[in-house]
Novice: 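Questions regarding the structure given below will be posed in turn.
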Amino acid sequence: MTAVSEYSKLTGNSPKQILLERKQIEARIAELGAEITRDYQDKKPVLIGVLNGCFIFIADLVRRMQLDMEIDFVKLSSYGNEQESSGKIKIHKDINTNIHGRHVLVVEDIVDTGLSVGFLHEKLSVLEPASLKFVTLLKKDKAKINFKIDYIGFEIPDRFVVGYGLDHGQLLRNLPDIYTMDRK
Ligand code: IMP
């Protein structure tokens, strides 16, 4: 049984429409990888992936980057199983790398309200990296942030999306394409 039909059976819901097909995602990540490779030549950046949603994006992105890098992860939560942000960020797993004086690139799956990247910007700046940049596969147009997201895969409308690492209630991360869902 496919992930979609299993999910529909469990919840009575189903993802609605394809928003981004795997080929589009792959092509855009190749462009992002090439751009980041140019910008970080000889810098040996530390990539910090934001779990869980980034796991497929970061795996594809790093294979499009032709340079030495280290990779670490943080795990945050702001959502629980709801489709709306709780407004509170909790750290479940912190980084293990000393980023003082390092070139840091934070890798997000999606910037929704902007709370998570805002939280990380503040928290990581204090550790005095040589530079701090952000890459996100998706950015919703409603996001409120007072700093630059340096690399953006796709700007998308304010819809709840699933697939390619993004979940609903921890399911559907394994869909290879990105779908919109109806809000409850
Ligand atoms: P923000 O802090 O509101 O920007 O939300 C960031 C996090 O919320 C992301 O890293 C995702 O884990 C989750 N999230 C936000 N929007 C969506 C969505 O449309 N689908 C699935 N997860 C989402």
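In listed order, ligands and their atoms are each counted from 1.
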Novice: By side-chain hydrogen bond (donor to acceptor under 3.5 Å, both in side chains), which residues pair with Glu31, not counting sequence neighbours?
Specialist: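 Glu31 satisfies side-chain hydrogen bond (donor to acceptor under 3.5 Å, both in side chains) with Arg28 once adjacent residues are dropped.
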
Novice: When you check the gap from the basic side-chain N to the acidic O, do Asp94 and Lys123 get nearer than 4.0 Å?
Specialist: yes

Novice: For atom 11 (C) of ligand 1, which of the options Ile110, Leu51, Val50 provides the nearest non-hydrogen atom?
Specialist: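 Among Ile110, Leu51, Val50, the closest heavy atom to atom 11 (C) of ligand 1 belongs to Ile110.
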
Novice: By number and element, which atoms of ligand 1 are closer than 4.0 Å to a non-hydrogen atom of Ser116?
Specialist: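 Once the distances to Ser116 are compared, the set is 1 (P), 2 (O), 5 (O), 6 (C).
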
Novice: Could you list which atoms of ligand 1 come closer than 4.0 Å to a heavy atom of Lys140?
Specialist: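 Numbered from 1, ligand 1 contributes 16 (N), 17 (C), 18 (C), 19 (O).
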
Novice: Just wondering, more than 12 heavy atoms not from Lys44 lying within 6.0 Å of its NZ?
Specialist: no

Novice: Would one find an N or O of Leu166, backbone or side chain, under 3.5 Å from an N or O of ligand 1?
Specialist: no

Novice: Quick one: does Asp72's side chain have a donor or acceptor within less than 3.5 Å of a partner on Thr97's backbone?
Specialist: yes

Novice: Looking at Glu108, which atoms of ligand 1 are within less than 4.0 Å of one of its heavy atoms?
Specialist: 10 (O)

Novice: Could you tell me whether Asp167 and Arg173 make a salt bridge, using a distance below 4.0 angstrom between a side-chain N and a carboxylate O?
Specialist: yes

Novice: Would you mind telling me if ligand 1 is within reach of the side chain of Thr113, the backbone, both or neither, using heavy atoms under 4.0 Å?
Specialist: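 Both backbone and side chain of Thr113 come within 4.0 Å of ligand 1.
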
Novice: Which of the atoms of ligand 1 are close to Leu115, meaning less than 4.0 Å from one of its heavy atoms?
Specialist: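 Close to Leu115: 2 (O), 4 (O).
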
Novice: Hey, what do you get for CD1 (Ile110) to CZ (Phe160), rounding to the nearest 0.5 Å?
Specialist: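 One gets 8.0 Å once the value is rounded to the nearest 0.5 Å.
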
Novice: Between His168 and ligand 1, find which residue part has any heavy-atom pair under 4.0 Å and reply side chain, backbone, both or neither.
Specialist: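 Contact part for His168 vs ligand 1: neither.
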
Novice: Could you check if a side-chain atom of Val111 sits within less than 4.5 angstrom of a side-chain atom of Phe134, using non-hydrogen atoms only?
Specialist: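 Contact flag for Val111/Phe134 side chains = no.
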
Novice: With only distance considered, is Val162 within less than 3.5 Å of ligand 1 through an N or O on each side?
Specialist: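 N/O-N/O distance under 3.5 Å: no.
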
Novice: Relative to the heavy atoms of Asp167, which atoms of ligand 1 are at a distance of less than 4.0 Å?
Specialist: 21 (C)

